[in-house]
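Residue numbering restarts at 1 for every chain, and letters A, B, ... go by the order of the sequence lines.
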There are 2 protein chains.
Amino acid sequence: MNLKTLAEALGLSQTTVSRALNGYPEVSAATRRRVEEAAAQMGYRPNSRAKGLATGRAMLIGQVIPTSTEHEMVNPVFGDFVAGASQNLARAGYDILLTRVPGDDEGKVYREFRARGAVDGVIVQAPAVNDERIALLNDIGLPFVVHGRSTGVDLPYSWIDVNNTQAFRRATEFLIQLGHRRIALINGLERMDFAFRRRKGYTHALEAAGLSSDPILMCTDEMTEEFGFKKTRHMLSLEDPPTAIICSSILSAIGIRRALQEAGLVMGRDLSVITHDDDLSYLKNGQDLPIFTATRSSVRMAGELLADALVQLISAPDEGPITRLLEAQLVVGSSTGPAPLQAARLG
Amino acid sequence: MNLKTLAEALGLSQTTVSRALNGYPEVSAATRRRVEEAAAQMGYRPNSRAKGLATGRAMLIGQVIPTSTEHEMVNPVFGDFVAGASQNLARAGYDILLTRVPGDDEGKVYREFRARGAVDGVIVQAPAVNDERIALLNDIGLPFVVHGRSTGVDLPYSWIDVNNTQAFRRATEFLIQLGHRRIALINGLERMDFAFRRRKGYTHALEAAGLSSDPILMCTDEMTEEFGFKKTRHMLSLEDPPTAIICSSILSAIGIRRALQEAGLVMGRDLSVITHDDDLSYLKNGQDLPIFTATRSSVRMAGELLADALVQLISAPDEGPITRLLEAQLVVGSSTGPAPLQAARLG
DNA sequence: TCAGCTATCCAAAGCGCTTTGAAAATCGGT
DNA sequence: ACCGATTTTCAAAGCGCTTTGGATAGCTGA
């Protein structure tokens, strides 16, 4: 079923049918109704490629599957993010074109997207500090929005980010107010912008309180459960262990919990934990009573917002970059409590 | 940069350039080299839509984001699955077209895929018992492979599945051999085929051992951490609590662990746990020394295999359905041990 | 009745590619 | 030197849609 046969069946020209279906005014209400009914009844849908070729738009948004090069790990927030993005993109008639990057050359994929006209825009995930993808996309003129920002990149570009610095500053201050003095940081890879910023927030808060940050209490790696577990186990074995840990991922926080359990310690009493919580659909931190005290920000909502921004950017490219900074909520659960007395802990 | 300008720049016809680039034999080696070099140097890539329109192939595989209707939860294995699938699809020149289903009408999306010619085939996730999508896709003639099977569907169709029945039978037998008699099942939604089969394997093993399955020890729901936690907590409060739990997801198993911790019990000693493990990249069950005893099967590898199968199906539609049953490994970790003596437990 | 509008519809070009059918160039054999 | 076979190249049609630039029909007012 294509336009031609539909038009013939209706005794109309392709032009008229096309216009009727696309809401142009040059067609009478009666004809439009007739056309729409016939189209619905015969199950006609315009061929995507033909339509795209004629209009010059692919109605597709490019998305590279965000995997870390080192461990072939898929970003755990990807599913929720893409569910959010996809939902709002669909409203504007877009689908997502998903592709993997062979090796590490995401730039090559973007160049190809552009050359092939495969997509109308892209969403950039997990920006690093000084991320070179931004300049590249600017160069080749492919509309894009970044999920996060990139410290060190001066070009104007569109982004939506969580205020990571502020979130981790607040989390740290919160612990300090509870009397904690030795606060550890289990962070993501610090070449990633979000991790870089979180560390900044953490150290700033410590400094502001007159505390020095101890390198031995700061670690950074891929945010797996095991990472949280191993680092916590290690830190608990230190001569002067931390009384609190701030953690960049709920997965690693689960690892922390496991290490505490193994050591026979009670979370929130013997050791306080605050984690960042992306509010993943499959790993809820408890709705009414959160398990972990957390800096919370829905990654799904971020996906929705990025989708809207990109759609707007594509339809009005000259209106300048869209930027938006989201504040994370600090939700208090049962994983934090006052710092244990030194005496008690030694005894 | 399009074919026309490239051909003009080379002083050749579009035909020759197209053929040179697509490896047709009717072009001399010298010309081919010249064309290829010019194309590489000028960064020419054929326009996707134009090529697709001419060839009638979209070089796109449709994939609906698998979300549960009830809780808007994205399937946690989705990221890893799609990473595997995407990798092997890319080798064959395909990308993934990702879309969300508004409401619950996945069939509508497939019909549209077909009518619009948007994709060359689709991957069907999370089949239910008597899944109606299979008949629909058969009807409309869109090539597809199912990730899993659908009990009750008699039509021939292509699928790749883990032997869920066998996996859970073995897991149950393993616990029985360890002396366990009260074995609980924390299962996924049993209208899903995988959960239906797992329960079958579980009850079969119990029956074979002359044990009756106790409804109070079997529960089924979305496999979240919280579900594992709450159900375990509840079961521990029973008059005659289980000494072992079999669980369908590592996320729920983590919830089980939390409940045990809360109750002051030690996993593997006071209560044994076996979980299914999809070998998710972001939630590894420990490589050398698994945390949980588990029935393991890599969902990423499943993605790779499904991709290969679908590509083959598209290129040779008449060769009949492709089916493959994968066996899960039973890996033994420290979450299982001999059943505690009744006396010891009561005391 | 007819010019001048507007409302309605249409033929054909064009999007960038592949592919068919034919022409031109090259070659070996006599 | 010439012919048939083989290579190599090309012009043009076609994929299914949108959109431009008319054409036609139906009205209005004089």
Could you tell me whether the phosphate oxygens of [N], OP1 or OP2, come under 4.0 Å of any side-chain nitrogen or oxygen in [X]?
X	N	value
Tyr24(A)	dT19(D)	yes
Tyr44(B)	dG16(C)	no
Lys51(B)	dG16(C)	no

Is the side chain of Asp131(B) donor-acceptor paired with the backbone N or O of Ala128(B) at a distance under 3.5 Å, no angle test?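 Yes, Asp131(B) side chain to Ala128(B) backbone: donor-acceptor pair under 3.5 Å.
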Reckon Ser18(A) touches a base, only the sugar-phosphate, or nothing at all at heavy-atom distances under 4.0 Å?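 Base, at least one base heavy atom under 4.0 Å.
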Using whole Å, report how far [atom1] of [X] lies from [atom2] of [N].
X	N	atom1	atom2	answer
Glu8(A)	dA11(C)	CD	P	11 Å
Gln14(B)	dT18(C)	CD	C1'	10 Å
Leu6(B)	dG16(C)	CG	C1'	12 Å
Leu12(B)	dA25(C)	CG	C1'	14 Å
Asn2(B)	dT18(C)	CG	C1'	14 Å
Arg49(B)	dC15(C)	CZ	P	13 Å
Asn47(A)	dG14(D)	CG	P	18 Å
Met1(A)	dC17(D)	CE	C1'	15 Å

In terms of ring plane angle, is the pair His147(A) and Phe81(A) parallel, tilted or perpendicular, where the classes change at 30° and 60°?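 Parallel: the ring planes of His147(A) and Phe81(A) meet at under 30°.
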Within residues 92-101 of chain A or reaching into it, pairs that qualify as salt bridge (charged side-chain N to carboxylate O under 4.0 Å, His left out) - sequence neighbours excluded: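 Salt bridge (charged side-chain N to carboxylate O under 4.0 Å, His left out) check on residues 92-101 of chain A returns Glu72(A)-Arg100(A), Asp95(A)-Arg116(B).
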Protein-nucleotides 22-27 of chain D N/O pairs closer than 3.5 Å?
none

Kindly check if the number of other-residue, nucleotide or ligand heavy atoms within 6.0 Å of CD (Gln312(B)) is above 12?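 Result for CD/Gln312(B): open.
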How about Arg111(A): does its CZ atom have over 12 heavy atoms from other parts shown lying under 6.0 Å from it?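 Check fails, neighbour count at 12 or below.
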Please pick, from [options], the nucleotide with the shortest atom-to-atom distance to any side-chain atom of [X].
X	options	result
Thr31(A)	dG16(C), dT9(D), dC9(C)	dC9(C)
Ser28(B)	dG16(D), dT18(C), dT8(D)	dT8(D)
Glu26(A)	dT8(C), dC17(D), dC10(C)	dT8(C)
Leu3(A)	dC10(C), dT18(C), dT18(D)	dT18(D)

Given Tyr94(B), which of Asp120(B), Val119(B), Leu60(B) fulfils the side-chain contact (heavy atoms from CB on, under 4.5 Å) condition?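 Only one option passes, and that is Asp120(B).
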Show the numbers, then the answer: is there a side chain to side chain contact (heavy atoms under 4.5 Å, CB included) between Leu97(B) and Leu97(A)? CA-CA 5 Å; Leu97(B) 185 140; Leu97(A) 184 139; over 6 Å; no
Identify the two heavy atoms, one from Ile65(A) and one from Ala83(B), that lie closest to each other, and give their separation to 0.1 Å.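 For Ile65(A) and Ala83(B), the tightest heavy-atom pair comes out as CD1-CA, 4.0 Å.
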Checking only heavy atoms, does the side chain of Thr16(A) share a donor-acceptor pair with the base of dT8(C) at less than 3.5 Å?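 For Thr16(A), whose side chain was compared with the base of dT8(C), there is no donor-acceptor pair (under 3.5 Å).
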Taking for each residue the nucleotide of DNA chain D bearing the nearest heavy atom, is the 5' side occupied by Leu53(B) or by Thr15(B)?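 Its nearest nucleotide being more 5', the pick is Thr15(B).
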